[in-house]
Amino acid sequence: VDDVSLTIMPGEVYGLIGPNGSGKSTTMKALLGLLRPTAGSCHVFGQNSLKTDSRQEIGFLPENPYFYKHLSGEETLRFYAKLCGMRGKALNNHVDKMLEMVSLEDARKRRVGGCSKGMLQRIGLAQALIHEPRLIILDEPTAGVDVELRRDMWKIVESLSKTGVTIILTTHYIEEAEAIADRIGVINQGEIIIIEETKELL
């Protein structure tokens, strides 16, 4: 990417749109501390993203999440909840809450290896939310899924935004950003072309 500069406000739903290969995922990986910028810096809630502590309040759903195929959806969420320090009744209640949120109560015992792309994305969204983060990064969350799941995802994002969670969404679907983003940035060939309020941009 080339001199990308973004300021995203707490509680905002920010859409970063652009074609495949434009730099969306690279920008998000830098923000997550998974890539070290060759120049400049990224900060999340005031902390440098290269410091591990900056990630404690971030939930991340990559375009193609990878999970242990021998675990069920429920076991997967329990695994991530434990990594986040949850234990006992609070853990069980939270896993149940997440499965309900992503409409997977009936498939909670199904092995991840036998799940469809849409179900994997639902599990991925649930794991991104399991620790109740203040910032959620969704990298192409609906790529390759059906229209029904896409709209379900939009509803979940809208409900989360009402609770004050900050959400960054990367997508190449303009209608997706239009449906849920407060502000949209357009990136192409590594450069931010424009950043504008959604209504103004459209």
Side-chain angles (χ1 to χ4, degrees), residues 1-67 80 83-85 120-121 123-144 153-154 156-174 176-198 201:
V1 297
D2 182 11
D3 196 26
V4 167
S5 182
L6 303 173
T7 300
I8 298 166
M9 303 306 294
E12 182 176 26
V13 180
Y14 185 94
L16 184 63
I17 68 172
N20 291 330
S22 60
K24 301 186 299 297
S25 294
T26 299
T27 302
M28 293 305 101
K29 287 175 182 174
L31 191 60
L32 287 159
L34 301 176
L35 289 177
R36 180 182 292 271
T38 53
S41 61
C42 300
H43 290 77
V44 179
F45 300 121
Q47 295 193 69
N48 191 302
S49 65
L50 293 176
K51 294 183 177 180
T52 306
D53 289 350
S54 71
R55 300 169 206 162
Q56 291 182 352
E57 296 186 287
I58 303 176
F60 175 49
L61 173 60
E63 180 180 354
N64 295 301
Y66 177 84
F67 302 116
Y80 282 101
L83 286 180
C84 294
L120 288 174
Q121 290 301 93
I123 294 169
L125 181 59
Q127 69 81 25
L129 301 175
I130 198 73
H131 59 302
E132 298 184 326
R134 292 170 60 198
L135 169 64
I136 301 166
I137 296 178
L138 306 173
D139 190 11
E140 302 273 8
T142 63
M153 285 267 196
W154 295 356
I156 292 170
V157 170
E158 286 174 338
S159 66
L160 288 169
S161 70
K162 291 176 182 176
T163 67
V165 175
T166 306
I167 299 167
I168 304 174
L169 166 81
T170 75
T171 183
H172 56 265
Y173 299 122
I174 182 64
E176 186 159 79
E178 177 185 354
I180 57 180
D182 301 312
R183 239 178 356 134
I184 293 175
V186 180
I187 187 169
N188 191 39
Q189 296 183 349
E191 295 186 6
I192 296 290
I193 307 302
I194 189 170
I195 298 174
E196 190 63 85
E197 297 287 331
T198 302
L201 181 63

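Model, not experiment: these values are computed from the prediction.
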Peer 1: Tell me every residue that passes side chain to side chain contact (heavy atoms under 4.5 Å, CB included) with Leu83, counting only those two or more places apart in sequence or in another chain.
Peer 2: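 Residues passing side chain to side chain contact (heavy atoms under 4.5 Å, CB included) with Leu83: Phe79, Tyr80.
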Peer 1: From Ser22 OG over to Leu16 CG, what is the distance, rounded to the nearest 0.5 angstrom?
Peer 2: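 Here the rounded value is 7.0 Å.
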Peer 1: Between Thr26 and Val4, does the side chain to side chain contact (heavy atoms under 4.5 Å, CB included) criterion hold? Intermediate values first, please.
Peer 2: CA-CA 11 Å; Thr26 299; Val4 167; over 6 Å; no
Peer 1: Not counting sequence neighbours, which residues clear salt bridge (charged side-chain N to carboxylate O under 4.0 Å, His left out) with Glu57? List them please.
Peer 2: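 Checked Glu57 against salt bridge (charged side-chain N to carboxylate O under 4.0 Å, His left out); matches are Arg134.
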Peer 1: Name all residues meeting the side chain to side chain contact (heavy atoms under 4.5 Å, CB included) criterion together with Thr163; count only those two or more places apart in sequence or in a different chain, and write none if there are none.
Peer 2: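 Only Val165 meet the side chain to side chain contact (heavy atoms under 4.5 Å, CB included) criterion with Thr163.
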Peer 1: Which heavy atom of Gly33 sits nearest a heavy atom of Arg55, and at what distance?
Peer 2: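 Residues Gly33 and Arg55, closest heavy atoms: O-NH2, 3.4 Å.
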Peer 1: CE/Met28 to CD/Glu140 distance, rounded to the nearest 0.5 angstrom?
Peer 2: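 Result: 11.0 Å between the selected atoms.
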Peer 1: Should Ile136 and Leu160 count as side-chain neighbours, where that means a heavy-atom distance under 4.5 Å?
Peer 2: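 Yes, their side chains come closer than 4.5 Å.
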Peer 1: Tell me if a side-chain donor or acceptor on Thr166 pairs with a main-chain N or O of Gly11 at a distance below 3.5 Å.
Peer 2: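 A pair under 3.5 Å: yes.
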Peer 1: Please name all residues satisfying side chain to side chain contact (heavy atoms under 4.5 Å, CB included) with Gln121, sequence neighbours left out, ordered by chain then number.
Peer 2: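 Here the qualifying residues are Leu61, Pro65, Lys117, Val145, Leu149, Met153.
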Peer 1: Once you round to the nearest 0.5 Å, how far does CD1 of Ile180 lie from CG of Leu169?
Peer 2: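 The CD1 atom of Ile180 sits 4.5 Å away from the CG atom of Leu169.
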Peer 1: Ignoring hydrogens, what is the shortest heavy-atom contact between Ile195 and Ser5? Give both atom names and the distance.
Peer 2: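 Scanning both residues completely, I find the closest heavy atoms to be CD1-O, 4.0 Å.
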Peer 1: Checking Thr198 side chain against Ala181 main chain: does a donor-acceptor pair fall under 3.5 Å?
Peer 2: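 Side chain of Thr198 to backbone of Ala181: a pair is present.
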Peer 1: Compare all side-chain heavy atoms of Ile8 with those of Leu135 and state whether any distance is below 4.5 angstrom.
Peer 2: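 No, side chains not in contact.
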Peer 1: Rounded to the nearest 0.5 Å, how far apart are CD1 of Ile130 and CG of Leu125?
Peer 2: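 Those atoms lie 10.5 Å apart.
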Peer 1: Could you check whether any side-chain heavy atom of Ile58 comes within less than 4.5 Å of a side-chain heavy atom of Pro133, counting everything from C-beta outward?
Peer 2: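 Not in contact.
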Peer 1: I need the minimum non-hydrogen distance between Gly185 and Tyr14, along with the two atoms involved.
Peer 2: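 For Gly185 and Tyr14, the tightest heavy-atom pair comes out as CA-OH, 3.5 Å.
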Peer 1: Check whether any side-chain heavy atom of Leu31 lies under 4.5 Å from a side-chain heavy atom of Ile168, and answer yes or no.
Peer 2: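 They are in contact (side-chain heavy atoms under 4.5 Å apart), so the answer is yes.
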Peer 1: Looking at Ile167 and Ser161, what are the two nearest heavy atoms and their distance?
Peer 2: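 Shortest heavy-atom separation between Ile167 and Ser161 comes out as CD1-N, 4.0 Å.
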Peer 1: Starting at CG of Leu35, measure out to OG1 of Thr27 and round the result to the nearest 0.5 Å.
Peer 2: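 Answer rounded to 0.5 Å: 9.5 Å.
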Peer 1: Does any non-hydrogen side-chain atom of Val44 lie less than 4.5 Å from one of Leu32?
Peer 2: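 No, side chains not in contact.
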Peer 1: Minimum heavy-atom separation for Ser49 and Ala30, please, with both atom names.
Peer 2: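 Ser49 and Ala30 have their closest heavy atoms at OG-O, 3.1 Å.
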Peer 1: Sort and list the pairs that fulfil side chain to side chain donor-acceptor pair (under 3.5 Å) and have at least one residue in residues 176-192, not counting sequence neighbours.
Peer 2: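 Side chain to side chain donor-acceptor pair (under 3.5 Å) check on residues 176-192 returns Glu12-Arg183, Thr142-Glu176, Trp154-Glu176, Thr171-Glu176.
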Peer 1: Which atoms form the tightest heavy-atom contact between Thr170 and Pro141, and what is the distance?
Peer 2: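 Heavy atoms only, the tightest pair is O-CD, 3.6 Å.
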Peer 1: Please list, chain by chain and in numerical order, all residues satisfying side chain to side chain contact (heavy atoms under 4.5 Å, CB included) with Asp3, sequence neighbours excluded.
Peer 2: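 Residues passing side chain to side chain contact (heavy atoms under 4.5 Å, CB included) with Asp3: none at all.
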Peer 1: Where the side chain of Lys24 meets the backbone of Ile187, is there a donor-acceptor pair that is under 3.5 Å apart?
Peer 2: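 Checking the backbone N and O of Ile187 against the side chain of Lys24, no donor-acceptor pair under 3.5 Å is found.
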